[in-house]
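This report refers to the structure that appears directly beneath it.
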Amino acid sequence: MKRISALLLALLLLLTCVSALADPAADGGYTVKTGVSYDETWGITVANVIYRDGKIFKILIDTVRPDGGLSSKEQFDNYGVKKLSSIGKEWWEQVVSFEDWATANDVAALALDESGHDVDGVTGATIAVSYYVDAVKDALSK
C-alpha cells in the first residue's frame, strides 16, 4: 500500500509540474505519457515524456522514496551527490543533462554497464541511469 501511495504521490507531483510547462489550452498540441520503474533501494522513478504536435518535446524525470519525503529533485542541492561526483554536479544537474540527452536521442541505444552507468559518457551523468532509461521506455511504450 505504501508503494502505491508513493507512486500516486510521485505521479501527481510530476504531472502538476508538467501542466505548468505544457498548457494544452493554448494550442492543444501537447500530450504526456508517463512511465515508471521501481527499485527497493532507490525508490520509484517517474518519467514524463511530453509530446508537442506528435514529437517528443521534453522528458522530465524524478524519483521518490516509497516511504515518502521530498523527491530527488525537491532535495535540490541537499541531495549530496555533488561532493562525490567526478564531474562536480549535484543529482538534479545530472538528471537534467540526462533528460536533455534523452529528449534528443533514443534511450534504447544507450550502452549501460552492469551497474547501470552510461558506458560512453554521452548523457552528461555519472550517476546510474538504468532506472531512468526503464521509466522512459515504459512511457514510450504507451
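These values consider heavy atoms only, across backbone and side chains, with no hydrogens, waters or symmetry-generated copies.
Electrostatic pairing of Glu99 and Lys73 counts as a salt bridge here, judged by a charged N lying under 4.0 Å from a carboxylate O. The pair Lys58-Asp100 counts as a salt bridge, with a side-chain nitrogen and a carboxylate oxygen less than 4.0 angstrom apart.
Across every non-hydrogen atom of Val107 and Val133, the tightest pair is O-CG1, 4.0 Å. Across every non-hydrogen atom of Gly35 and Ala139, the tightest pair is N-CB, 3.4 Å. Taking every heavy atom of both residues into account, Gly43 and Pro66 meet most closely at CA-CD, 3.7 Å. Ala128 and Ser115 get closest at one heavy-atom pair: CB-O, 3.5 Å.
Counting only distance, with no hydrogens or angles, the side chain of Gln94 and the backbone of Thr126 share a donor-acceptor pair below 3.5 Å. Side-chain atoms of Glu90 do not come within 3.5 Å of backbone N or O of Asn78 as any donor-acceptor pair. In this structure, Asp120 contributes its side chain and Val122 its backbone to no donor-acceptor pair below 3.5 Å. Between the side chain of Asp138 and the main chain of Val36, a donor-acceptor pair closer than 3.5 Å is present.
Taking OG of Ser72 as the reference point, atom CD1 of Ile127 lies at 8.5 Å (rounded to 0.5 Å). Note that CG of Asp62 is 9.0 Å distant from CD of Gln75, once rounded to the nearest 0.5 Å. Here Tyr132 contributes atom OH and Lys137 contributes atom NZ; the two are 15.5 Å apart, rounded to the nearest 0.5 Å. Taken from OG1 in Thr103 to CD1 in Ile50, the straight-line distance is 8.5 Å, to the nearest 0.5 Å. Separation of atoms CG (Leu112) and CG (Asp118) is listed at 7.0 Å; rounding is to 0.5 Å. From Tyr38, atom OH reaches atom OH of Tyr131 across 10.5 Å, with rounding to the nearest 0.5 Å.
Val129 has its side chain out of reach of Val95: every pair of non-hydrogen atoms, C-beta onward, lies at least 4.5 Å apart. Looking only at side-chain heavy atoms (C-beta outward), Ile61 and Ile59 come within less than 4.5 Å of each other.
Within 6.0 Å of NZ in Lys142 there are more than 12 heavy atoms belonging to other residues, nucleotides or ligands. Heavy-atom neighbours of Trp42 CH2 from other residues, nucleotides or ligands within 6.0 Å: at or below the threshold of 12.
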message: Go through it in stages, so that I can follow the logic: the residues are Ile56 and Leu140, the test is side chain to side chain contact (heavy atoms under 4.5 Å, CB included), and I'd like the CA-CA distance, side-chain angles, deciding distance and then a yes or no.
response: CA-CA 10 Å; Ile56 294 176; Leu140 295 172; 3.9 Å; yes
message: Could you walk me through whether Val49 and Val32 satisfy the side chain to side chain contact (heavy atoms under 4.5 Å, CB included) test, starting with their C-alpha distance in whole Å, then the side-chain angles of each, then the deciding distance to 0.1 Å, before giving a yes or no?
response: CA-CA 6 Å; Val49 178; Val32 178; over 6 Å; no
field: Test ring-ring contact (aromatic ring centres under 6.0 Å, His included) applied to Tyr51 and Tyr30, step by step
entry: CA-CA 5 Å; Tyr51 292 85; Tyr30 292 98; over 10 Å; no
task: Assess whether side chain to side chain contact (heavy atoms under 4.5 Å, CB included) is satisfied between Thr45 and Asp134, documenting all intermediate values.
output: CA-CA 9 Å; Thr45 299; Asp134 291 345; over 6 Å; no
field: Verdict with supporting geometry, Thr63 and Val46, side chain to side chain contact (heavy atoms under 4.5 Å, CB included)
entry: CA-CA 6 Å; Thr63 62; Val46 179; over 6 Å; no
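Put simply, Ile87 and Tyr79 are part of two different groups of oily side chains (I, L, V, M, F, W, Y) that touch within less than 4.5 Å, one to the next. Tracing side-chain contacts under 4.5 Å through hydrophobic residues (I, L, V, M, F, W, Y), one never reaches Leu70 starting from Val64; they form parts of separate clusters.
Looking only at atom types and distance, the side chain of Trp92 has a donor-acceptor partner in the side chain of Asp77 under 3.5 Å away.
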